[in-house]
2 protein chains.
Amino acid sequence: MPWNLTSDRPIYAQLIEQMELKICSGIYPLGFKLPSVRDLAREASVNPNTMQRALARLEESGLVYSVRTSGRFVTEDKNMIKETKKRLAREQVNEFLKKMLDLGFEREDILSMLGDMLKEMI
Amino acid sequence: MPWNLTSDRPIYAQLIEQMELKICSGIYPLGFKLPSVRDLAREASVNPNTMQRALARLEESGLVYSVRTSGRFVTEDKNMIKETKKRLAREQVNEFLKKMLDLGFEREDILSMLGDMLKEMI
DNA sequence: ATCATTGTATTAAGGCCTTAATACAATGAT
DNA sequence: ATCATTGTATTAAGGCCTTAATACAATGAT
């Protein structure tokens, strides 16, 4: 999964989101040692400060932790990751449905559009 | 539909999105005379400049047009609205599915979560 | 023992976004 | 004829975001 950043939202917020995704999907597994701030910044083509900012926020939420001079690691709390994954999914579904209903689509429309696009994507 | 603005994205971008929603859903119908910039700004609790910026962008995309001293109107091009509505829907479905698949959910998971939440929302 | 690597901190500069305060010409209502 | 309302334009200030350039203590590998 490449780092895909747009300019319509703060970069650090997008970094948080993508790190969460990588952790919840298992790309960065339980207890995994993350690349260093500088390496992650290089990967994502952003300033180390910006990456550091994102990682600090992830740390506040408990999803990662850092050992001062050793590195940063994905949490070992399996349940926390599971709950985060659930939360993110609920948020996605909720926002999606809200917008589609606001746009004026109905249950059937939504399900059929979704089915069509799923066929394309999988 | 209340103006619902968050601080995690530029306000003017959110205004554009919500105006598009109002137009595509018919809250602002074909040819409708919009409230003045100042009134819309007051409604949304933003600075008139910010609302003006959003409206100017909507005008570039052709969804509204302005008559210098008379006011601003929703386009009378029924087809353009229809196409915009389609485009917005496709974008929503696409982003939603992309994130859910990235999170590691499968077709069945997505459809069942969606069904559950649809029951709650309708 | 030395040295590269780790997370972390600080300061300065520039950019975009938002607000605020004005201003103006053209129109429509009075 | 007068005047409020329309979209539009300009300038200044402040805030947050991002980058850049450094710096430092602690650790692990050599």
Side-chain angles (χ1 to χ4, degrees), chain A residues 2-20 22-23 28-29 31-77, chain B residues 2-20 22-23 28-29 31-77:
Chain A
W3 294 92
N4 207 345
L5 303 172
T6 66
S7 60
D8 70 335
R9 273 168 57 214
I11 294 177
Y12 82 94
Q14 299 179 58
L15 294 176
I16 292 175
E17 196 178 301
Q18 301 200 17
M19 291 291 295
E20 283 177 337
K22 285 171 197 266
I23 292 172
Y28 292 154
F32 181 71
K33 181 179 189 308
L34 296 173
S36 73
V37 180
R38 294 168 178 80
D39 283 348
L40 282 172
R42 210 172 305 132
E43 263 188 46
S45 303
V46 300
N47 190 280
N49 293 331
T50 307
M51 182 57 78
Q52 164 71 15
R53 186 171 182 171
L55 291 170
R57 298 287 190 93
L58 280 175
E59 213 153 329
E60 284 172 25
S61 77
L63 225 46
V64 306
Y65 66 94
S66 62
V67 183
R68 188 61 158 94
T69 63
S70 161
R72 230 185 214 94
F73 303 83
V74 174
T75 180
E76 272 141 28
D77 184 342
Chain B
W3 295 92
N4 207 345
L5 303 172
T6 66
S7 61
D8 70 336
R9 273 169 58 214
I11 294 177
Y12 82 93
Q14 299 180 59
L15 294 176
I16 292 175
E17 197 179 300
Q18 300 200 17
M19 291 292 295
E20 283 178 338
K22 284 172 197 266
I23 292 172
Y28 292 154
F32 180 71
K33 182 180 190 305
L34 296 172
S36 73
V37 180
R38 294 168 178 82
D39 283 348
L40 282 171
R42 211 171 306 132
E43 264 188 44
S45 304
V46 300
N47 189 281
N49 293 331
T50 306
M51 182 57 78
Q52 164 71 15
R53 184 171 184 172
L55 292 169
R57 298 288 189 94
L58 280 176
E59 212 153 328
E60 286 173 24
S61 76
L63 226 45
V64 306
Y65 65 95
S66 63
V67 183
R68 189 63 157 93
T69 63
S70 160
R72 232 187 212 93
F73 303 84
V74 175
T75 182
E76 273 140 28
D77 184 342

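Residue numbering restarts at 1 for every chain, and letters A, B, ... go by the order of the sequence lines. Side chains included, hydrogens not; waters and symmetry mates left out as well; all remaining heavy atoms used. Small disclaimer: the values here were computed from a predicted structure and weren't measured.
Out of C:dT19, C:dC17, C:dA25, the shortest distance to the side chain of B:Pro10 is found at C:dC17. Checked against C:dA9, D:dT18, C:dT8, the side chain of A:Asn49 finds its nearest nucleotide in C:dA9. Set against D:dA25, C:dT27, D:dG7, the side chain of B:Thr69 has C:dT27 as its closest nucleotide. Ranking D:dT18, D:dG7, C:dA21 by closeness to the B:Val37 side chain, first place goes to D:dG7. For A:Arg53, the listed nucleotide lying nearest its side chain is D:dT18; candidates were D:dT18, C:dG7, C:dT18. Listed candidates were C:dT8, D:dA20, D:dT8. Nearest to the side chain of A:Arg72 is C:dT8.
Rounded to whole Å, atom P of C:dC16 lies 13 Å from atom CD1 of A:Ile11. Going from atom CH2 of A:Trp3 over to atom P of D:dT18 covers 14 Å, rounded to whole Å. Rounded to a whole Å, the CE atom of B:Met51 is 14 Å from the P atom of C:dA20. Distance, A:Arg42 CZ to D:dT18 C1': 18 Å, rounded to whole Å.
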Tell me, with the steps shown, if A:Trp3 and A:Glu43 meet side chain to side chain donor-acceptor pair (under 3.5 Å). CA-CA 8 Å; A:Trp3 294 92; A:Glu43 263 188 46; 3.0 Å; yes
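On a pure distance criterion of 3.5 Å, a polar donor-acceptor pair joins the side chain of B:Arg38 and the base of D:dT8.
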